[in-house]
Amino acid sequence: MPLQMMEGSIAVAETVRLCRPQVISAYPITPQTHIVEGLASIVADGRLDAEYICVESEFSALSACIGASAAGSRVYSATTSQGLALMAEVVFNSAGMRLPIVMGIANRAISAPLSIWNDQQDSIMMRDSGWLQFYAEDNQEAVDLHILSYKICEDHDILLPAFVCFDGFILSHVFEPVDIPSEKEVDEFLGPFKPYQQLDVKDPISFGMYATPEYYLEFRYEHDQAVHRAADALRKHGKAFGEKFGRDYSELVEGYRLEDAEVAIIAMGSICGTTKDAIDEMRAEGKKVGLLKIRCFRPFPAADIVKALAHVKTVAVLDKNISLGAKGAVGIEVKDACYGLGIPIYDYVLGLGGRDVRKKDIKKIVELAEKGSGDMFYGLREELL
Amino acid sequence: MVDRTIENFDCGHRACGGCGASSAVRMILKGAGENTIVVSPTGCLEVFSTPYPETAWKTPWIHSLFENASAVASGVEAALKRQGRLGKEKVLVIGGDGATVDIGMLCISGAFERGHDFTYVCYDNEAYMNTGIQRSGATPYDADTTTSPSGVCSTGNNRPKKDLPQILVAHGSPYVATATMAYPMDLMKKVEKAMNTQGPCYIQVHAPCCTGWGYDGAKTMEIGRMAVECGLWPCYEIVDGKQTSVKKVQRVPVDEYLKAQKRFRHLFKPTRNDAEIAKIQAIADANAAKYGIDIE
Ligand SMILES: Cc1ncc(C[n+]2csc(CCOP(=O)(O)OP(=O)(O)O)c2C)c(N)n1
């Protein structure tokens with residue numbers, strides 16, 4: 001297929017069509033809206049044979065996905081920010097029920113103050129929910145990760161839901177060339193949904209029962225194990241994806257000019273693109289800088305990160321989120337993974353609520369990290385404080 | 001025809017002896033028929049019937065959260081429709097009054113407005129029983145609960161029952177009914193009718209709770225009948241917005257019904273509160289006038 005120039009959200013909607021969900025249930029919210037609109041018109045035009053449920057809230061959107069998935073259908077939803085926050089109880093619940101739901105997240109800041117612009121606070125706040133979390137650098141990754149997520153989630157060794165996160169506006173509203181695979185290729189890769197268990201009068205079972213203290217801990221253990229196992233599932237299916245579609249996803253993290261780097265930048269999402277450009281410029285100036293992109297945040301690829309950072313002298317983590325009263329979530333987790341290695345790791349909270357992050361900012365951060373100055377909000381407008 | 005031999009809810013649950021809800025559910029499932037998928041919100045029913053790894057359900061059954069049963073049911077229905085199973089298999093929600101008239105209202109309203117083909121049955125024990133008898137929007141006027149206690153400055157719950165049946169009639173539901181576990185055949189037939197009506201149907205079932213209301217569990221049926229006989233629980237059907245039937249009674253004053261339960265004890269002790277009892281009688285009289293329940 002030739003590359004097509006299209007908006008990120010529309011590329012996602014077209015990809016979801018290829019994954020053939022039988023039930024779609026989503027509620028519009030900026031900057032996710034074009035996805036639900038795109039899917040609605042795809043269904044209205046008969047290009048996808050699916051039930052499109054126009055729910056009255058995000059809370060019902062994901063709840064309907066629970067019912068449809070439990071009844072044996074492949075499902076899709078998408079949301080962001082306040083929508084995800086409204087879903088909170090259902091997010092945890094659907095994961096605990098081990099339903100392979102795929103949900104696109106066009107990442108956006110959380111209110112108050114109200115902001116429609118990008119950061120990753122929304123999906124990060126759900127990091128403990130037991131959903132898998134994948135982050136796309138560009139629209140091609142957003143497309144590919146949707147297809148791959150169905151494959152991983154529906155794997156009977158996994159049975160988990162997944163967020164496919166892509167930065168709101170920066171990706172969702174940007175026109176980029178993307179390779180949308182053919183129906184045939186995606187059908188061959190995914191195949192029809194084969195539920196592990198389902199609501200069926202011929203074989204009645206009870207879903208979502210309550211567990212006493214005698215059982216609850218084991219459920220959580222099994223759930224945690226499944227999230228960890230998803231790392232290997234990603235490697236396996238990501239490799240198969242590469243063989244089929246020519247783009248390899250067999251790694252949870254990806255290095256860019258990292259082999260001989262002295263300073264490593266760690267980031268997730270679209271900021272990785274800017275960082276790569278900044279790195280090229282710094283390299284031209286003789287600075288040994290590299291990027292470690294985290295594509296899979298849940299499960300957290302601790303061992304992969306340790307391995308990739310073994311040779312670096314300094315680490316700068318870019319966090320488009322903040323655990324208020326602590327630090328950026330990625331920074332906290334990287335430090336935990338690297339505990340005892342003796343590498344200085346500095347965390348920079350930046351770009352919140354859509355504040356632009358440019359190449360010059362990345363270069364400045366590298367300088368700060370080299371000087372041993374970090375664990376800060378980067379880019380504060382002091383005159384406003 | 002209702003198959004009374006169906007026992008899809010018959011073993012191993014842990015409801016209190018004399019629980020109105022558990023008998024109601026047994027009858028509801030007989031009315032619903034064999035090919036029913038049940039969705040239940042959090043509440044007494046879910047808790048007493050499904051402690052892992054056991055279950056009292058012989059139908060496929062799913063519980064998700066307290067407030068989203070009708071949204072989950074919407075998803076189940078949509079999936080069945082897409083898979084060509086709808087009709088052969090039917091969707092039934094069974095939820096408590098709290099899940100129904102309070103926290104679940106948004107999801108119920110959404111699902112009814114969208115017109116999904118399922119039946120929602122509320123077993124109305126008139127309070128949040130699972131968490132220890134707190135008031136709900138379906139708690140009757142003057143009932144004493146742990147969050148609407150009677151006291152020096154209070155005669156108990158100070159609001160009348162929220163009229164969810166009428167709210168769902170206004171949503172365009174093709175079949176709305178009230179029933180009671182104290183008239184089992186009527187209940188079963190109404191459930192059967194709802195399950196065989198296309199679109200979102202609603203039945204609110206009076207389900208006395210011996211623990212929450214304060215009476216001897218052996219008297220559940222009797223208490224249930226008293227509610228109908230005094231006019232506080234009218235049993236009617238509304239088809240396409242028009243009332244088509246009502247259970248007619250030779251009405252008795254509300255006193256005996258109130259006296260039989262500890263939740264209304266404060267209206268009689270230490271002294272009889274005539275003014276408040278008159279207000280409750282007025283509710284019964286208004287029901288009688290509205291639904292035409294009096295035998296002339
Ligand atoms: C979001 C949320 N809030 C509160 C609760 C606690 N809770 C569980 S069951 C229940 C009351 C259920 O009442 P009702 O629906 O009337 O059913 P019953 O227990 O009386 O059968 C409450 C408040 C909960 N599970 N979830």
Side-chain angles (χ1 to χ4, degrees), chain A residues 20-25 27 49-75 77 86-90 92-94 96-97 99 101 193 195 197-212 214-216 218-219, chain B residues 8 33-42 46-83 85-86 88-91 93 104-114 116 118 130:
Chain A
R20 298 190 196 279
Q22 293 147 300
V23 177
I24 296 167
S25 175
Y27 193 83
D49 189 18
E51 285 299 309
Y52 186 95
I53 312 179
C54 283
V55 279
E56 80 293 343
S57 73
E58 287 87 352
F59 186 81
S60 281
L62 192 54
S63 301
C65 287
I66 287 184
S69 183
S73 286
R74 181 175 288 163
V75 300
S77 193
L86 181 59
M87 281 177 186
E89 197 188 2
V90 196
F92 280 76
N93 181 260
S94 50
M97 293 178 85
L99 297 169
I101 299 165
F193 177 41
Q197 288 177 317
Q198 64 175 310
L199 294 166
D200 182 354
V201 295
K202 288 194 283 303
D203 179 22
I205 52 170
S206 295
F207 276 69
M209 308 147 85
Y210 87 95
T212 56
E214 274 175 280
Y215 295 103
Y216 187 83
E218 286 70 21
F219 273 100
Chain B
N8 276 336
E34 286 288 8
N35 296 319
T36 302
I37 294 173
V38 180
V39 184
S40 282
T42 314
E46 165 252 348
V47 170
F48 71 61
S49 65
T50 70
Y52 180 87
E54 291 163 18
T55 181
W57 298 84
K58 291 184 178 172
T59 55
W61 177 92
I62 181 168
H63 157 257
S64 171
L65 293 164
F66 186 22
E67 57 282 274
N68 68 355
S70 42
V72 171
S74 302
V76 174
E77 184 253 19
L80 297 186
K81 201 162 147 196
R82 190 49 35 188
Q83 295 169 28
R85 291 163 58 191
L86 194 63
K88 285 174 257 170
E89 294 172 66
K90 292 177 183 174
V91 185
V93 180
M105 263 299 276
L106 176 71
C107 293
I108 294 176
S109 175
F112 272 65
E113 176 266 321
R114 289 189 298 274
H116 292 281
F118 71 89
N130 183 53

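So that the names make sense, note that chain A is the first sequence line, chain B the second, and so on, each numbered from 1.
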So for [X], is it side chain, backbone, both, or neither that comes closer than 4.5 Å to the heavy atoms of chain A?
| X | answer |
| --- | --- |
| B:T42 | neither |
| B:A78 | both |
| B:S64 | both |

>> On a heavy-atom basis, which atom in A:E89 and which in B:L65 lie closest, and how many Å separate them?
In response: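 Looking at all heavy atoms of both residues, the closest pair is OE2-CD2, 3.3 Å.
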
> Taking all atoms of both residues into account, what is the closest heavy-atom pair of A:S57 and B:L106, and its distance?
Replying inline: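 Answer, listing the atom of A:S57 first, then B:L106: OG-CD2, 3.9 Å.
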
> What do the steps show when you test B:E34 against A:V201 for side chain to side chain contact (heavy atoms under 4.5 Å, CB included), and what is the final call?
Replying inline: CA-CA 8 Å; B:E34 286 288 8; A:V201 295; over 6 Å; no

For the [atom1] atom of [X] and the [atom2] atom of [Y], what is their distance to the nearest 0.5 Å?
| X | Y | atom1 | atom2 | result |
| --- | --- | --- | --- | --- |
| A:M209 | B:E46 | CE | CD | 10.0 Å |
| B:S49 | A:Y210 | OG | OH | 9.0 Å |
| B:W57 | A:S206 | CH2 | OG | 8.5 Å |
| A:L199 | B:I37 | CG | CD1 | 5.5 Å |
| A:D200 | B:N35 | CG | CG | 10.0 Å |
| B:Y52 | A:F219 | OH | CZ | 4.0 Å |

> What salt bridge (charged side-chain N to carboxylate O under 4.0 Å, His left out) pairs are there with at least one residue in residues 47-65 of chain B, not counting sequence neighbours?
Replying inline: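 Counting only pairs at least two positions apart or across chains, the salt bridge (charged side-chain N to carboxylate O under 4.0 Å, His left out) contacts touching residues 47-65 of chain B are B:D10-B:K58, B:R14-B:E54.
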
Kindly list each side-chain donor-acceptor pair under 3.5 angstrom involving residues 58-73 of chain A, sequence neighbours excluded, with atom names and distances?
from, atom 1, to, atom 2, distance (Å)
A:S60, OG, A:E56, OE1, 3.4
A:S60, OG, A:E56, OE2, 2.5
A:S63, OG, A:F59, O, 2.6
A:S63, OG, B:N68, ND2, 2.9
A:S73, OG, B:Q83, NE2, 2.8

> What option among B:S70, B:P53, B:S40 has the most heavy-atom pairs under 4.5 Å with chain A?
Replying inline: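 Max contact count across the listed options: B:P53.
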
